[in-house]
Amino acid sequence: MSFNLSEEGIKKVKQELSRYETKESAIIPSLYVAQKENNGWVNNDVIHALSKVMDIPASKINEVFKFYTMFNQKKVGKFHVQVCTNISCALNGSRELASHICRELKTKFDEVTPDGRFTVSKVECLGSCGTAPMMQVNDKYYENLTHESAMNLLRGMK
Amino acid sequence: MESKLLTEFYHLDEFRGIEGYKKNGGYVELAKALKMQPQQIIDEVKASGLRGRGGAGFPTGTKWSFLPKNGEPRYLLCNADEGEPGTFKDRLMMERAPHQLIEGMIISAFAIGSKKSYIYVRGEYHYPISVLEKAIREAYDAGLLGKNILGSGFDHDMDVYSGAGAYICGEETGMISSLEGAKGQPKLKPPFPAVQGYLRKPTIVNNVETLAAVKYIIRDGAAAYRKHGTEKSPGTKLFSLSGNVMKPGNYEVPLAYPLIDLINKEGGGMKPGRKLKAVIPGGSSAPVMTAAEVEKATLDYECLAGMGTMLGSGAVIVIDDSQCMVDMLGVLTHFYHHESCGQCTPCREGTGWLNKIVHSILEGKGRLQDIELLEKVADNMKGRTICALSDAAALPVLSFVSKFRDEFEFYVREGRSKVKGTTYAEMHH
């Protein structure tokens with residue numbers, strides 16, 4: 001299935017292209033724009049669409065895409081639940097929390113739930129160490145979680 | 001409570017907006033600095049002894065003076081990538097006081113003669129990025145950014161750049177690669193960024209807290225700034241306290257503050273029934289300290305270096321006696337393996353092996369000679385790569401294994417944790 005940026009997406013990418021000293025600096029911001037339009041992940045079609053709009057070789061964009069963990073190489077659910085499992089969170093039970101969320105949502109890490117709503121991932125430090133354990137769901141941080149409060153938050157997400 | 005410089009007004013919500021910031025002393029020092037000679041500002045920062053707050057602790061004024069003395073365009077790059085596990089102070093600074101950072105940056109840019117700066121913020125910090133973008137717009141509207149700032153004839157533009165989830169972009173040359181639109185791989189030094197940085201132009205990369213502190217050096221003068229802290233570690237610093245303490249959070253104290261006081265006074269001590277077992281004093285890359293060492297430590301560059309560890313980013317991670325050190329080391333080796341950029345063989349391969357060996361012990365498949373193997377691999381990773389990530393991965397391993405060897409040996413012999421009494425699978429699932 002081919003992918004094309006929306007008119008608004010093209011406008012945003014063009015803004016980014018003129019925002020920085022070089023157009024290569026616009027690759028990361030433009031990947032964000034395209035990832036959002038492609039329901040949260042990036043594939044070859046997305047890379048080629050960007051390559052055309054940006055006039056930058058697809059290989060160059062691909063290299064950047066593969067390096068950074070915030071660009072998803074696989075489909076993710078509508079809500080991408082990222083539980084920090086680095087040290088300060090681990091000291092406060094974050095791995096147990098991550099497993100609990102998976103069990104409750106009847107899913108495995110990095111898979112999409114059958115209803116398409118959730119993907120649960122374990123991630124590295126998110127800079128929220130004083131409010132551990134925590135999770136990031138899409139763009140937002142949820143801190144000082146318990147097993148119950150995390151599940152209440154997730155079940156309430158529409 | 002000791003005097004606070006950076007965080008004095010952090011409790012005020014109005015401090016986030018330009019009006020409230022101005023009401024509480026905001027942009028006074030910018031006006032003052034723009035009437036000084038740039039060299040005077042550099043000399044004042046040098047005299048203050050301010051050291052980089054991101055982790056390396058390099059003297060800021062000295063870094064600035066590496067810039068070529070000519071009219072060549074130069075960049076100021078604010079390092080807000082904040083990826084060192086345990087560190088969350090820059091996030092607080094951006095969320096509570098975006099204008100404090102912006103003011104510090106304009107003063108610094110004027111001192112080094114830079115007309116363009118970027119704040120490189122880690123991509124996950126959506127909220128801090130939105131706060132900064134709003135504050136930058138406010139500053140432009142108030143004539144504090146753009147052309148002829150406050151009628152001084154000095155022009156400066158500022159923008160925010162969002163990273164995309166790579167620890168290595170907190171390394172200054174990795175950050176420059178990333179800003180240039182490439183993989184965030186560090187570059188060989190020399191040339192140092194001050195000579196050839198962003199787009200091969202002279203570039204100064206400073207941490208959020210470093211740049212914000214410049215305002216207070218201009219306000220109080222170097223001599224007054226030096227009244228906080230010690231001769232070699234002057235000033236105050238934000239410490240991110242996390243882990244097994246009652247009141248985790250960011251606390252600003254003068255450098256050389258006793259580590260045990262930070263844990264017990266600011267942090268409210270250990271949780272009921274728990275004892276202090278270990279502390280990682282400067283972010284996950286810093287060698288771990290035992291409880292006995294913690295009693296003797298003060299939070300300054302020289303004391304912690306003398307004890308074989310480091311102040312780093314000021315992230316104090318507290319570990320209590322319910323924690324298994326083999327398990328915790330597994331968390332760290334996984335992190336460094338995940339974050340190695342893959343450029344240098346000792347790091348790319350070494351971080352993988354360290355992680356495999358620790359996890360084979362955790363899974364009950366360890367052999368006693370694996371403990372020595374860990375030390376051997378870690379030793380071979382030190383000082384052999386382009387950047388410090390390899391050392392950062394090796395140092396925790398060496399310190400965990402040497403200071404908590406009994407836990408590693410027990411785990412190998414029994415196939416379960418000495419502290420938890422259970423296997424790895426039973427611990428977390």
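Any value given below was found using the heavy atoms of this structure, including those in side chains, with hydrogens, waters and symmetry copies removed.
With a 4.5 angstrom heavy-atom cutoff, B:Leu92 does not touch chain A via any of its atoms. Residue contact with chain B, scored on non-hydrogen atoms closer than 4.5 Å, involves the backbone and the side chain of A:Glu21 alike. Both the backbone and the side chain of B:Asp327 come within contact range of chain A, each with at least one heavy atom under 4.5 Å from a heavy atom of that chain. Of the two parts of B:Lys201, neither the backbone nor the side chain holds a non-hydrogen atom closer than 4.5 Å to a non-hydrogen atom of chain A. Residue B:Phe335 touches chain A through both its backbone and its side chain, counting heavy-atom pairs closer than 4.5 Å. Proximity to chain B (any heavy atom under 4.5 Å) is shown, for A:Tyr20, by both the backbone and the side chain. Contacts between B:Lys116 and chain A at a heavy-atom distance below 4.5 Å involve the side chain alone, from C-beta outward. The part of B:Val318 that comes within reach of chain A is its backbone (N, CA, C, O), which places non-hydrogen atoms under 4.5 angstrom from that chain. When heavy atoms are compared at a cutoff of 4.5 Å, A:Ala132 does not approach chain B at all. There is no contact between A:Lys140 and chain B, counting heavy-atom distances below 4.5 Å. For B:Thr87, the part lying near chain A is the backbone, with the side chain staying farther off; criterion is any non-hydrogen pair under 4.5 Å.
Side chains of A:Ser25 and B:Tyr198 form a contact here, defined as non-hydrogen atoms less than 4.5 Å apart. With a 4.5 Å cut-off on side-chain heavy atoms, B:Phe88 and A:Cys125 do not count as touching. When side chains are defined from C-beta on, B:His338 does not count as touching A:Asn86, because their heavy atoms never get closer than 4.5 Å. A heavy-atom distance below 4.5 Å is found between the side chains of B:Glu124 and A:Met70.
Between the OH atom in B:Tyr161 and the CZ atom in A:Arg19 there is a gap of 9.5 Å [rounded to 0.5 Å]. Going from atom CD of B:Glu84 over to atom SG of A:Cys129 covers 10.0 Å, rounded to the nearest 0.5 Å.
The candidate from A:Leu97, A:Val123, A:Thr131, A:Thr69 with the greatest count of non-hydrogen atom pairs under 4.5 Å with chain B is A:Thr69. When each of B:Ser178, B:Gly249, B:Gly342 is scored by its heavy-atom pairs under 4.5 Å with chain A, the top score falls to B:Ser178. In terms of heavy-atom pairs under 4.5 Å with chain B, the best-connected choice from A:Glu63, A:Lys23, A:Lys66 is A:Glu63. Heavy-atom pairs under 4.5 Å with chain A peak, among B:Pro248, B:Ala164, B:Cys169, B:Gly243, at B:Ala164. When each of B:Leu199, B:Leu179, B:Asp159 is checked for heavy-atom pairs under 4.5 Å with chain A, B:Asp159 comes out on top. Ranked by heavy-atom pairs under 4.5 Å with chain B, the first of A:Thr85, A:Ile61, A:Asn92 is A:Asn92. Per-residue counts of heavy-atom pairs under 4.5 Å with chain A were compared for B:Ala315, B:Gly184, B:Ser284; the largest is that of B:Gly184.
Checking side-chain atoms of B:Asn244 against main-chain N and O of A:Leu91 turns up a donor-acceptor pair under 3.5 Å.
With a 6.0 Å radius and a threshold of 12 heavy atoms from other residues, nucleotides or ligands, B:His156 has its NE2 atom above the threshold.
Using a cutoff of 4.0 Å between basic side-chain nitrogens and carboxylate oxygens, A:Glu143 and B:Arg91 are scored as salt-bridged.
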